Amino acid sequence: MTQATNPRTWLITGATSGIGRELTLQALENGDTVAALARDTSALEELAQAYDESLLLLPTDVRDERAVREAVESALARFGRIDVVANNAGYGLFGAVEEASDAQARAVFDTNVFGVLNVLRATLPVLRAQRSGHVLQGSSVYGQSAHPGVGLLAATKYAVEGLSDALAAEVGPLGIKVTLIQPGMTATPFLANLDVAAGLDDYDQTVRQVHKAIGEMPASAFSDAARIAGGIRNVVDSPNPPLRLALGASSAAGLRPALEARLADLDGWLYVTEAVDRP
Ligand SMILES: NC(=O)c1ccc[n+]([C@@H]2O[C@H](COP(=O)([O-])OP(=O)(O)OC[C@H]3O[C@@H](n4cnc5c(N)ncnc54)[C@H](OP(=O)(O)O)[C@@H]3O)[C@@H](O)[C@H]2O)c1
């Protein structure tokens, strides 16, 4: 089985801002090469000049399957291989499940789920041919937990988690690793880029309260994007990376009670679960 080369070649979506930008910077500082995707890559132009041949800017909308395929072809033409695929591009939709319009719900799935699938279909043939590679799937604390206001965002991240559970088992035997990246609240333009659904009064005590509380959170409650990127790089360096990586105390604090509650439901209702089987 071919091992990943050192330096590595990364393909990073959402590379111009927040976590993706930090990942791009750190990969370059580490001597790696990066194919950087975002709809508007102009924010990385200075960096591209500084890193010349090591950074390839590929203005690409992940919702556009053909554009993603072309971007992957360009990355291959420049670097010859892809070692790490960071499926990081995404945005949030905030509002009660009932408040999100059909258009808003479909739009967030288009980027956060169908965009991920576009990138997988374009890159997995490369990774399979290499019999090596690591796919980093952009999930969240909301990939396995949710609270009022994040239902649609969580739905997209749960979708990514579900497909990744199967994907990991499918591509593992082909030498490809998969890790779901689950950051908690992180200081990036994510909140500024949030789509917000129109409000119904009945959700003032739940959804609006949560929105207000998030808006009032101190800066110290948010993880640093550079440190999140550092955590992601740890997992890429590991010979035995986990399927899921929670990043930041707020991620662990959200995930643990949600996971325990699932087991409590399973165990607490096992007598009903088992009673439906044929005697
Ligand atoms: N920040 C947090 O608290 C947090 C917590 C958990 C998980 N996450 C996840 O981490 C990932 C990165 O988020 P972030 O916080 O770094 O957000 P961000 O600063 O808003 O960055 C989002 C990136 O995605 C790109 N993007 C958005 N739509 C795109 C599209 N259709 N095609 C291509 N690129 C697109 C943006 O560039 P363009 O607009 O130019 O395309 C930008 O580079 C997301 O998947 C997010 O859900 C974030």
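Read the numbers this way: they start at 1 and go in the same order the structure lists the ligands and their atoms. These figures come from a predicted structure and were not determined experimentally.
If you number the atoms of ligand 1 from 1 as listed, the ones under 4.0 Å from a heavy atom of Met185 come out as 3 (O). Near Arg63, meaning under 4.0 Å from any of its heavy atoms, are these atoms of ligand 1: 31 (N). Taking a cut-off of under 4.0 Å to the non-hydrogen atoms of Ile19, the atoms of ligand 1 that pass are 10 (O), 16 (O). Listed by number with element, the atoms of ligand 1 under 4.0 Å from a non-hydrogen atom of Asp40 are 40 (O). Atoms of ligand 1 lying under 4.0 Å from any heavy atom of Asn193, numbered from 1 in the order shown and given with element: 20 (O). Listed by atom number, the atoms of ligand 1 under 4.0 Å from Gly18 heavy atoms are 16 (O), 19 (O). Residue contact check: Thr111 has heavy atoms under 4.0 Å from atoms 28 (N), 31 (N) of ligand 1. Every atom of ligand 1 is numbered from 1 in the order shown, and the set under 4.0 Å from a heavy atom of Pro189 is 19 (O), 20 (O).
With hydrogens left out, the protein atom closest to atom 32 (N) of ligand 1 is Val62 N, 2.9 Å, a heavy atom. Of all protein heavy atoms, the one lying nearest to atom 18 (P) of ligand 1 is Ser17 OG, 3.5 Å. Protein heavy atom at the shortest distance from atom 37 (O) of ligand 1 is Thr16 OG1, 3.4 Å. With respect to atom 28 (N) of ligand 1, the closest heavy atom belonging to the protein is Arg39 NH2, 3.2 Å. Atom 14 (P) of ligand 1 has as its closest protein heavy atom Thr188 OG1, 3.5 Å. Nearest protein neighbour of atom 22 (C) of ligand 1, counting heavy atoms only, is Gly90 O, 3.8 Å. Atom 31 (N) of ligand 1 has its closest protein heavy atom at Asp61 OD1, 2.9 Å. The protein non-hydrogen atom at the shortest distance from atom 11 (C) of ligand 1 is Asn88 O, 3.1 Å.
Any N or O atom pair closer than 3.5 Å counts here, and Ala38 shares no such pair with ligand 1. Between Ser139 and ligand 1, a contact under 3.5 Å exists for no N or O pair. Distances between N or O atoms of Lys157 and those of ligand 1 include at least one value under 3.5 Å. Residue-to-ligand polar distances place Thr186 within reach of ligand 1: an N/O pair is separated by less than 3.5 Å. Here's the thing with Pro183: none of its N/O atoms is less than 3.5 angstrom from an N/O atom of ligand 1. Considering backbone and side-chain atoms alike, Gly14 places an N or O below 3.5 Å from some N or O of ligand 1.
Screening Gln209, Glu98, His211, Arg208 for a side chain to side chain donor-acceptor pair (under 3.5 Å) involving Tyr203 leaves a single residue, Glu98. When the options Val84, Val85, Asn87 are evaluated for a side-chain contact (heavy atoms from CB on, under 4.5 Å) with Leu136, the one that passes is Val84.
In this structure, a donor-acceptor pair under 3.5 Å is absent between the side chains of Gln182 and Ser251. With 3.5 Å as the limit, one finds no donor-acceptor pair spanning the side chains of Gln104 and Glu99.
Judged purely by atom type and a 3.5 angstrom limit, Lys177 has no side-chain atom pairing as donor or acceptor with the backbone of Ser132. A donor-acceptor contact shorter than 3.5 Å links the side chain of Asn112 to the backbone of Tyr91. Checked by atom type and distance alone, the side chain of Asp32 pairs as donor or acceptor with a backbone atom of Arg8 at under 3.5 Å. Judged by distance alone, the side chain of Thr156 and the main-chain N or O of Phe109 form no donor-acceptor pair under 3.5 Å. Side-chain atoms of Thr41 do not come within 3.5 Å of backbone N or O of Ala38 as any donor-acceptor pair.
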Task: Stepwise side-chain contact (heavy atoms from CB on, under 4.5 Å) check, Asn118 with Val62 - done: CA-CA 7 Å; Asn118 284 340; Val62 294; 5.7 Å; no
Task: Stepwise side-chain contact (heavy atoms from CB on, under 4.5 Å) test for Ser139 and Ile181 - done: CA-CA 5 Å; Ser139 183; Ile181 305 299; 5.8 Å; no
TODO: Give the intermediate values and the outcome of side-chain contact (heavy atoms from CB on, under 4.5 Å) for residues Thr24 and Trp10.
DONE: CA-CA 8 Å; Thr24 299; Trp10 298 65; over 6 Å; no
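To the nearest 0.5 Å, atom CG of residue Asn88 and atom CD1 of residue Ile228 are 11.0 Å apart.
Heavy-atom distances between Gln182 and ligand 1 stay at or above 4.0 Å for every pair. At a 4.0 Å cut-off, not a single heavy atom of Leu37 sits close enough to ligand 1 to count as contact. Under a 4.0 Å heavy-atom criterion, Thr60 is in contact with ligand 1. The shell of residues lying under 4.0 angstrom from ligand 1, judged by heavy atoms, excludes Thr13.
Of the candidates Gly184, Gly92, Gly248, Gly20, the one placing a heavy atom closest to atom 4 (C) of ligand 1 is Gly184. Between Ala89, Gly115, Ala67, it is Ala89 that holds the heavy atom closest to atom 26 (N) of ligand 1.
Looking at Glu161 and Lys157, no side-chain N of the basic residue comes within less than 4.0 Å of a carboxylate O on the acidic one, giving no salt bridge. Between Arg66 and Glu70 there is a salt bridge, since at least one side-chain N of the basic residue sits less than 4.0 Å from a carboxylate O of the acidic one.
Within a 6.0 Å radius of CD in Glu46, other residues, nucleotides and ligands contribute 12 heavy atoms or fewer.
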